[in-house]
Amino acid sequence: MYKYREKKYKGRQVVFKAVNVSVESVFDHVITTTDSKGRKEYTCIENIGYFSKRYQKWIIREKNDKSDGATYAKDIDSFCWLFHDELCDTGSWEDGEPCTNWQGSSVLSDIMKEEGYIFLYVWWFLATWLFGGKKLRKNGMF
């Protein structure tokens, strides 16, 4: 049974599906297209949210939000890149509180652990923390 939630997000009420990353496929929630440069692009087909147990915070992706997938890595069936991209693009949690680069990379690795990517989550944590982050870096590395 899907759990739908409602929260104030970006100044308005948003209804979203709380995804269960350990049993659902990210590809059930996005469509894949190719951008003008021939790169894959993913677009959310519905509002979805992930709750970080570590930080007790929500991350919400809205319908029609776009992502480039796992930047510079092979796209895998994981929600990690989708929710990490949201944090990188906004620099904040759903409640508007700033998110640091460490927190964003921790969320990515937490999702990967929940999904069973036991060996890969450490490498992706390090890569996103050291080389990624966009707006998260402005909030600090830790």
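- A heavy-atom distance below 4.5 Å is not found between the side chains of K8 and R12.
- The side-chain heavy atoms of K135 and S92, taken from C-beta on, include no pair separated by under 4.5 Å.
- Taking the ring-ring contact (aromatic ring centres under 6.0 Å, His included) definition, one finds that W124 meets it with nothing, sequence neighbours left out.
- Remark: aromatic rings of W58 and Y9 are distant, center separation not under 6.0 Å.
- One distance of note links OH of Y121 with CG of L126; it measures 10.5 Å at 0.5 Å rounding.
- Side-chain contact between M112 and L120 is present, with at least one heavy-atom pair separated by less than 4.5 Å.
- Not counting sequence neighbours, the partners of K57 by the side-chain hydrogen bond (donor to acceptor under 3.5 Å, both in side chains) test are D95, E97.
- For residues 104-128, the pairs satisfying salt bridge (Lys or Arg N to Asp or Glu O under 4.0 Å) are K53-E114, R54-D110, D110-K113, with sequence neighbours left out.
- Of the listed residues (K3, H29, R5), just one forms a side-chain contact (heavy atoms from CB on, under 4.5 Å) with K17, and that residue is H29.
- Here the closest heavy-atom approach between residue C99 and residue G104 is recorded as SG-N, 3.8 Å.
- Hydrophobic clustering (side-chain heavy atoms under 4.5 Å, transitive across Ile, Leu, Val, Met, Phe, Trp, Tyr) keeps V21 apart from F16.
- Under the rule for a side-chain hydrogen bond (donor to acceptor under 3.5 Å, both in side chains), D28 has no partner lying at least two apart in sequence or in another chain.
- Between the side chain of D35 and the backbone N or O of E41, no donor-acceptor pair lies under 3.5 Å.
- Taking hydrophobic clusters as Ile, Leu, Val, Met, Phe, Trp and Tyr residues chained together by side-chain heavy-atom distances below 4.5 Å, I45 does not share a cluster with V15.
- Qualifying side-chain contact (heavy atoms from CB on, under 4.5 Å) partners for F131, counting only residues two or more places apart in sequence or in other chains: none.
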Test salt bridge (Lys or Arg N to Asp or Glu O under 4.0 Å) applied to D89 and K134, step by step: CA-CA 7 Å; D89 292 344; K134 296 180 189 171; 3.4 Å; yes

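- Criterion: ILVMFWY side-chain heavy atoms under 4.5 Å apart, direct or through other members. Under it, Y50 and F27 are part of a common hydrophobic cluster.
- Taken to the nearest 0.5 Å, the CD1 atom of I31 stands 6.0 Å off from the OG1 atom of T33.
- Looking at heavy atoms from C-beta onward, F51 lies out of side-chain contact with V19 at the 4.5 angstrom threshold.
- Atom CG of residue L87 and atom OG of residue S52 lie 9.0 Å apart, to the nearest 0.5 angstrom.
- Counting heavy atoms from C-beta on, the side chains of N64 and K66 never come closer than 4.5 Å.
- For the atom pair CG (N139) and OG1 (T100), the distance works out to 7.5 Å, reported to the nearest 0.5 Å.
- Interatomic distance, CZ of F79 versus OG of S22, reported as 10.0 Å (0.5 Å rounding).
- V30 and Y42 make their closest contact through CG2-CD2, 4.0 Å (heavy atoms, listed as atom of the first residue, atom of the second, distance).
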Criterion side-chain contact (heavy atoms from CB on, under 4.5 Å) on V14 and E6, from CA distance to verdict: CA-CA 5 Å; V14 175; E6 185 172 350; over 6 Å; no

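- Looking at T32 and K40, their side chains never bring a donor and an acceptor atom within 3.5 Å of each other.
- Clustering ILVMFWY residues whenever any of their side-chain heavy atoms sit less than 4.5 angstrom apart, transitively, puts L108 in the very cluster that holds V122.
- Residue pairs meeting the salt bridge (Lys or Arg N to Asp or Glu O under 4.0 Å) criterion with at least one partner in residues 75-86, sequence neighbours excluded, are K10-E86, R61-E86.
- Counting all heavy atoms, side chain and backbone alike, Y117 lies closest to S78 at CE1-CB, 4.0 Å.
- W93 and F142 fall within a single hydrophobic cluster, where Ile, Leu, Val, Met, Phe, Trp and Tyr side chains are chained together by heavy-atom contacts under 4.5 Å.
- Nearest heavy-atom pair across S67 and L82 is CB-CD1, 4.0 Å.
- Nearest heavy-atom pair across T128 and N101 is O-OD1, 4.0 Å.
- Summarising the geometry of I59 relative to E94, their closest heavy-atom pair is N-CB, 4.4 Å, with the distance given to 0.1 Å.
- Note: W102 and W129 have perpendicular aromatic rings, judged against thresholds of 30 and 60 degrees for the angle between ring planes.
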